[in-house]
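Read through the structure below, which is laid out as structure tokens, and then see the notes.
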Amino acid sequence: MEDSSTPTATSSTHYFSIFTNYPLISAFTAFAIAQFIKLFTSWYRERRWDLKQLLGSGGMPSSHSSTVTALAVAIGLQEGFGGSHFAIALILASVVMYDATGVRLHAGRQAEVLNQIVFELPAQHPLAESRPLRELLGHTPPQVVAGGMLGSVTAVTGYLFTRIATS
């Protein structure tokens, strides 16, 4: 006969296993590092601290790229690069990185042009007082590459750290 406390203990342990999920931790860590680096790259560019960079999109390096790359590399290291989980993560990373340099980059450039047009409208125009559109939406290819490299390094470092810690 089974002990009735076993399923509860097992399910409780199952819920807390998210805190030991190496691919998930790698992805979140890469995201956090990228956002933190953006704080300094924006200071270097603008010579002022912009705390919005800690949560905003756009800028150097791409946190989207670092997140999905860290996830894909961590899955590859943990489960093998020949498996279907890695294939899914790789395709996801490719789509996100392509989108960052394509659609989102061009949407940001269009927002810049539209903001300039609205700025030049006469004061009595109904759109003259509209809020400016966000311009930093996408990334340039170097920002995406830097994010991908950051994600890869984060995942490999985490993998090596867990291997050393468990040995």
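This one's a predicted model, so the numbers in the text were calculated from it and none came from an experiment.
Between Thr157 and Val153, the closest heavy-atom pair is OG1-O, 2.7 Å. When all heavy atoms of Ala34 and Pro61 are compared, the pair lying nearest together is O-CD, 3.9 Å. Between Ala70 and Ser26, the shortest heavy-atom distance links the atoms CB-O, 3.6 Å. Summarising the geometry of Val73 relative to Ser152, their closest heavy-atom pair is CG2-OG, 3.9 Å, with the distance given to 0.1 Å.
The closest side-chain donor-acceptor pair between Ser62 and Gln143, if any, does not fall under 3.5 angstrom.
Taking CG of Asp99 as the reference point, atom OG of Ser65 lies at 10.0 Å (rounded to 0.5 Å). Between atom CD1 of residue Ile37 and atom CG of residue Leu150 there is a gap of 5.0 Å, rounded to the nearest 0.5 Å. Taking CD1 from Ile33 and OG from Ser63, the interatomic distance works out to 12.0 Å, rounded to the nearest 0.5 Å. Expressed to the nearest 0.5 Å, how far CG of Leu77 lies from OG1 of Thr162 amounts to 9.0 Å.
Across Val144, Thr69, Val96, a single residue satisfies side chain to side chain contact (heavy atoms under 4.5 Å, CB included) together with His64, and that is Val96.
Cluster membership check: Tyr22 shares its hydrophobic cluster with Leu160, using side-chain heavy-atom separations under 4.5 Å among Ile, Leu, Val, Met, Phe, Trp and Tyr. Criterion: ILVMFWY side-chain heavy atoms under 4.5 Å apart, direct or through other members. Under it, Leu92 and Leu90 are part of a common hydrophobic cluster. Phe19 and Ile25 fall into different hydrophobic clusters, where Ile, Leu, Val, Met, Phe, Trp and Tyr are joined by side-chain heavy atoms under 4.5 Å apart, directly or via other members. Hydrophobic clustering places Val156 together with Ile75 (ILVMFWY residues linked when any side-chain heavy atoms are closer than 4.5 Å, directly or through intermediates). A continuous path of hydrophobic side-chain contacts links Met97 to Leu71 [ILVMFWY only; heavy atoms under 4.5 Å].
Around atom CZ of Phe28, no more than 12 heavy atoms belonging to other residues, nucleotides or ligands sit under 6.0 Å away.
Using the six-membered ring where Trp is involved, Phe81 and Phe86 have ring planes that are perpendicular, over 60° apart on the 30 and 60° scheme.
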